[in-house]
Amino acid sequence: MSAGFSSAFRDHDAKDRVRQAVDIVDLVGDYLQLRREGRIYKALCPWHDDSRPSLQVNPERQSYRCWVCDLGGDIFSFVMKMENVAFPEAMQLLADRAGIKLDTRGSGSNDAKRLLYQALAWAEQQFHDYLLRAPDAEQARNYLHNRGITDESIRKFRLGYSPEAWDWLINRAHETPYTPKVLETVGMVVPRERGSGGYDRFRGRVLFPIRDPQQRPVAFGGRVLPGSPEAEKTAKYINSPETPLFSKSRLLYGLDVAKDAMAKTRTVVVMEGYTDAVIAQQCGFGNAVAVLGTALGEQHVHLLKRFVDRIVLVLDGDEAGRRRTDQILELFIAEQVDLRIVTPPDDLDPADFLLQRGSEAFSALLDGAVDALEHKIQTATRGLTATSGLHVVTQAVEAVLATLALAPRLQKLPDTASQLREDQVLHRLARFAGIQEDRLRQRLAELRRQKAAKGAQTSSKLAAMVARPSAEPRHPQRVILAESWLLQIVLEWPDFLPEIRAVVREEQFRCPKRRAIYGLAGRLADAGQQPTFERMMLELDDTEMKSTLVQLDDERQAIGRLDAAKELRDLLTVFHDDAQACRTADLADVHASIEAVDEAKALEALVNKLRTRKGISVPTDG
């Protein structure tokens, strides 16, 4: 069977049942924030840095397409791309979502990732039940209550506790499919350095399950209990290691419960600790999340931009928190994100501030959050005046200008908010430092030129590769266009297919993907089935093939109705002329070869060329 077509799940009835049961709008909406525009829905594309919604979801056709990435498909290809899985696993995930049981005999290792998800869900349940009921977990329950976390929040966030035994989880898994190797793969068990076997990673810790946006547990954060034997010899917090299901740079704690509130407010409140996020949610700030033991990074920004327009960063009020804020500031300015920053007073962390001073005080704190540039100015100039000394004042000005240079100047749009903000900053710096504003603008332009020069140097090799002419001859543009138009006619008027196949052979298509789609249409027709868009999407498994078919169908709908018979005659003429040109070129090659070498070698070269064009391998002896 050709690559890209259904193989692992040959039961098309089951595949069609899944397709009918899962609505693509609901599916995409679980991953991205959708907005309805007429008959379609739009969202920020997760596969490129999207500032204007480029991803379109078509509920009538049950398909999606990003016009920037030129990617499209159906529910299966969407899950394949979002979850980075092959078709069989995407099929299984969607079937589980729809409550449809599949016969997956013979699917082999395709169930491996599903087993990992199940193992973590099982572990989460074990830890949660132990925290709620076990007498030995009384100390853990007291710790959470003393931190201000209610029983309702314990259940909402599925908090748990791992007892101090070295093999408690391993022993409980004996009668389950979750072998020590499976538990090691998902980060719950640590292999012993000497000898065989392993031990529980999170023993003696309160556990905070980390879930993906689909509410599946993928990792844990563990907090050692104060006064426990482990407290003096280990880190206060540890997280799961990187696993096939978990990357700390791609997720945020509490996102699964916060995303609805984030969608409503178009704002997210990001904190440092798990407890901070839990307490904030408990106090009515439903859009609160926390980082996972690392600073916010580029992938976090891209993730959050799917849901919100503004990010409010609330880090600890101590000096270390202020330094971490400054470290990530440049990233947000370069990404053109509306970032607001606030630090609680008196060295309080957000949870303590909320518990001591209440929700109203915290709301006022958030309302007073300053934008990223203002924060940079405040930190760079804190305690300085124009009389503080030329060197320190110049250093502060240079730090602000270096940060400002990361945001591209919008030369063609001088009245934009970004440009007006830049003008305000430069005017303010000029007054503060006693430097002419023109001099500051010159220095800012110089920093931007240096930045651009570095970027140009980095991409010089790539530019040379792009400029290098291709070794293969360029395909005639009219033939490439004719391939697309011909397939659009097949999608719109499949009754023309027999007439088309009488003239156009599959191997005449220059584009491999369009060639495969044309071949699929022919095989469906031979089997007595109409090669409709829906039927071919059902047959295809490969995401790139699905994307090509969505593109063809979009183009078909965009061109509207046409004189199909006349259009078809013109297209068939193009293919006929192209075939004739190929035969003429082959004959010319033979004549040229005869002049240079003997006739036998020339004929052998022609035969090999024709074999290559038709995809026939050269026979070998034996």
Side-chain angles (χ1 to χ4, degrees), residues 1-5 70 470-533 535-537 539-540 542 544-556 559 562-593 602-619:
M1 185 170 290
S2 301
F5 300 103
D70 201 19
S470 172
E472 295 187 15
R474 185 168 297 187
H475 298 319
Q477 187 63 28
R478 69 180 195 134
V479 178
I480 298 295
L481 291 173
E483 292 177 4
S484 294
W485 290 338
L486 195 70
L487 289 175
Q488 291 166 35
I489 287 180
V490 171
L491 289 169
E492 184 73 29
W493 296 281
D495 291 341
F496 280 120
L497 186 58
E499 181 180 346
I500 294 171
R501 294 179 74 195
V503 177
V504 181
R505 302 185 311 278
E506 185 176 338
E507 59 266 23
Q508 283 183 260
F509 277 73
R510 309 293 180 90
C511 171
K513 296 186 184 70
R514 289 194 284 267
R515 182 191 311 135
I517 290 172
Y518 182 65
L520 171 61
R523 286 189 291 277
L524 286 173
D526 291 341
Q529 300 180 36
Q530 286 271 47
T532 63
F533 171 82
R535 181 62 195 180
M536 286 199 281
M537 286 293 282
E539 287 287 334
L540 295 170
D542 183 77
E544 292 186 3
M545 294 283 287
K546 286 178 180 285
S547 182
T548 299
L549 186 58
V550 169
Q551 179 183 358
L552 288 167
D553 198 55
D554 277 337
E555 291 169 352
R556 172 188 67 83
I559 62 176
L562 44 73
D563 185 343
K566 180 181 183 304
E567 184 77 14
L568 183 57
R569 284 196 302 272
D570 294 342
L571 291 174
L572 294 181
T573 298
V574 171
F575 278 94
H576 177 271
D577 292 347
D578 184 58
Q580 183 64 39
C582 287
R583 286 192 292 270
T584 302
D586 290 338
L587 289 173
D589 288 346
V590 170
H591 291 311
S593 299
L603 289 173
E604 181 182 358
L606 175 60
V607 170
N608 288 337
K609 184 173 182 178
L610 293 174
R611 285 181 180 277
T612 300
R613 179 173 293 136
K614 293 178 179 292
I616 304 173
S617 60
V618 178

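In what follows, residues are counted from 1 in the order of the sequence shown. Side chains included, hydrogens not; waters and symmetry mates left out as well; all remaining heavy atoms used.
Taken to the nearest 0.5 Å, the CG atom of L487 stands 11.0 Å off from the CD atom of Q551. Distance check, rounded to the nearest 0.5 Å: NZ of K546 to CD1 of I517 gives 11.0 Å.
Taking 4.5 Å as the limit, some side-chain heavy atom of L497 sits within range of a side-chain heavy atom of P531. Side-chain contact between L549 and L491: present, with at least one pair of heavy atoms (C-beta onward) separated by less than 4.5 Å. M536 places none of its side-chain heavy atoms less than 4.5 Å from the side chain of D553. Taking the side chain as every heavy atom from C-beta outward, F509 and L486 approach each other to under 4.5 Å.
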Steps toward salt bridge (charged side-chain N to carboxylate O under 4.0 Å, His left out) verdict (E544, K513): CA-CA 8 Å; E544 292 186 3; K513 296 186 184 70; 3.6 Å; yes
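Shown here are the salt bridge (charged side-chain N to carboxylate O under 4.0 Å, His left out) partners of E506, two or more places apart in sequence or in another chain: there are none. Qualifying side-chain contact (heavy atoms from CB on, under 4.5 Å) partners for S547, counting only residues two or more places apart in sequence or in other chains: L71.
Panel note: side chain E499, backbone F496; no donor-acceptor pair is recorded below 3.5 Å. At distances below 3.5 Å, not a single donor-acceptor pair connects side-chain atoms of Y518 with backbone N or O atoms of E507.
When all heavy atoms of A525 and R501 are compared, the closest pair comes out as CB-NH1, 4.3 Å.
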